Amino acid sequence: MGIEVKICGLSTADTLEAALDAGADLVGFVHFPKSPRHVALADAPALVAQVRGRAKKVLLLVNPDDATLDAALAAFQPDIVQLHGSESPERVAEIRACIGRPVMKALPVARAEDLATVPAYAAVADRLLFDAKPLPDDTLPGGNGRPFDWNLLAGLDPGRPVMLSGGLDAGNLPLALSVAHVDGVDVSSGVETAPGRKSAEKIFAFVQAARAAAAQVAEGKVQ
Ligand SMILES: O=C(O)c1ccccc1NCC(=O)[C@H](O)[C@H](O)COP(=O)(O)O
């Protein structure tokens, strides 16, 4: 199987259509009011209906309580729930048992020591997403448009599908995929012209670059 491409933070019909037309495997909807990509519950059904099975729908939540979880599941009907807060392995396991659908846990990475929690989360989550650890001044736990040292993932095999995230764009994907042998890539800022404003052209370029880079790695042309 080739690499999975996730376009995250989609919130408008036109840019969602661009991601689907470009062939994204997963489309991510952020339900987190502090985010410039936030999708309100009332706006979810129209976007969800538009997907029509052309991609997997990822609902992105941050430290949701049970009420938020229930309401968001009903509105977004996701294929995957991505937890992008400080959820403990126990909370991830609790949510996974409750929702009966795959959970992708986002783990913040800045240094090798940050990977110490991988086994505990790999034991309870269906997928792992490695993202750049927010800086002290960042107001969001993700979507900050900043990469981390991809070499930190070299040789890592948590026994779960792994998605690489954080500051990716069409330009740095070949290097990222040559360094980090992952199952998927995820982007938000790198396909935007401003926070929360997705670009159809950048979305298409990112998906194309991901397919091309993955093929190069598969053919052994990029070490
Ligand atoms: O995208 C957001 O606004 C966001 C807000 C709060 C938590 C997570 C968020 N995004 C999570 C994602 O999966 C992003 O795609 C990921 O962090 C990469 O973002 P970027 O570095 O901007 O490509």
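Since this is a predicted model, take the numbers as computed values, not measurements. Just follow the structure's listing: the first ligand is 1, and inside any ligand the first atom is 1.
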Quick test of your reading: applying salt bridge (charged side-chain N to carboxylate O under 4.0 Å, His left out), list the pairs with at least one residue in residues 140-150, sequence neighbours left out, ordered by first then second residue.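 For residues 140-150: D138-R146.
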
Salt bridge (charged side-chain N to carboxylate O under 4.0 Å, His left out): which pairs involve residues 195-213, sequence neighbours left out?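 Qualifying pairs: D25-R211, E192-K198.
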
Look at the side-chain heavy atoms of Ile, Leu, Val, Met, Phe, Trp and Tyr, link any pair under 4.5 Å apart, and say whether L59 and V39 land in one connected group.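 Linked, L59 and V39 end up in one cluster.
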
Hey, any chance V179 and V118 share a hydrophobic cluster, counting ILVMFWY side chains that come within less than 4.5 Å of each other, even indirectly?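 The answer is yes; both residues are in one hydrophobic cluster.
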
Does some side-chain heavy atom of [Y] sit less than 4.5 Å from a side-chain heavy atom of [X]?
{"X": "F29", "Y": "V51", "value": "yes"}
{"X": "L73", "Y": "R101", "value": "yes"}
{"X": "V5", "Y": "L26", "value": "no"}
{"X": "N172", "Y": "L168", "value": "yes"}

Counting each atom of ligand 1 from 1 as listed, which ones have a heavy atom of [X] under 4.0 Å away?
{"X": "D131", "value": "16 (C), 17 (O)"}
{"X": "F32", "value": "6 (C)"}
{"X": "G145", "value": "20 (P), 21 (O), 22 (O)"}
{"X": "G166", "value": "18 (C), 21 (O)"}
{"X": "P141", "value": "6 (C), 7 (C)"}
{"X": "K6", "value": "13 (O)"}
{"X": "C8", "value": "12 (C), 13 (O), 15 (O)"}
{"X": "R146", "value": "21 (O)"}

If you measure from each heavy atom of E192 to ligand 1, is any distance below 4.0 Å?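 Flag not set, E192 not near ligand 1.
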
Does ligand 1 have an atom under 4.0 Å from some heavy atom of G28?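 Not so, G28 does not reach ligand 1.
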
Nearest protein heavy atom to [atom], by residue and atom, and its distance?
{"atom": "atom 19 (O) of ligand 1", "answer": "G143 CA, 3.2 Å"}
{"atom": "atom 13 (O) of ligand 1", "answer": "Q82 NE2, 3.0 Å"}
{"atom": "atom 23 (O) of ligand 1", "answer": "S188 N, 2.8 Å"}
{"atom": "atom 16 (C) of ligand 1", "answer": "S165 OG, 3.1 Å"}
{"atom": "atom 2 (C) of ligand 1", "answer": "R37 NH1, 3.2 Å"}
{"atom": "atom 11 (C) of ligand 1", "answer": "L60 CD1, 3.2 Å"}
{"atom": "atom 3 (O) of ligand 1", "answer": "S35 OG, 2.7 Å"}

Who's closest to [atom] heavy-atom-wise, of [options]?
{"atom": "atom 15 (O) of ligand 1", "options": "V187, T139, D186, I7", "answer": "D186"}
{"atom": "atom 4 (C) of ligand 1", "options": "G142, P108, A106", "answer": "G142"}
{"atom": "atom 21 (O) of ligand 1", "options": "S189, G190, G167, P147", "answer": "G167"}

State, without any angle test, whether Q82 and K105 hold a side-chain donor-acceptor pair at a distance under 3.5 Å.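 No, no side-chain donor-acceptor pair sits under 3.5 Å.
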
For D157 and H181, does a side-chain donor sit closer than 3.5 Å to a side-chain acceptor?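 No.
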
Under-4.0 Å salt bridge between R96 and E87: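 No salt bridge links R96 with E87.
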
Evaluate the salt bridge (charged side-chain N to carboxylate O under 4.0 Å, His left out) criterion for residues D79 and K56: first the C-alpha distance (whole Å), next the side-chain angles of each, then the deciding distance (0.1 Å), finally the verdict. CA-CA 6 Å; D79 298 296; K56 288 178 186 160; over 6 Å; no

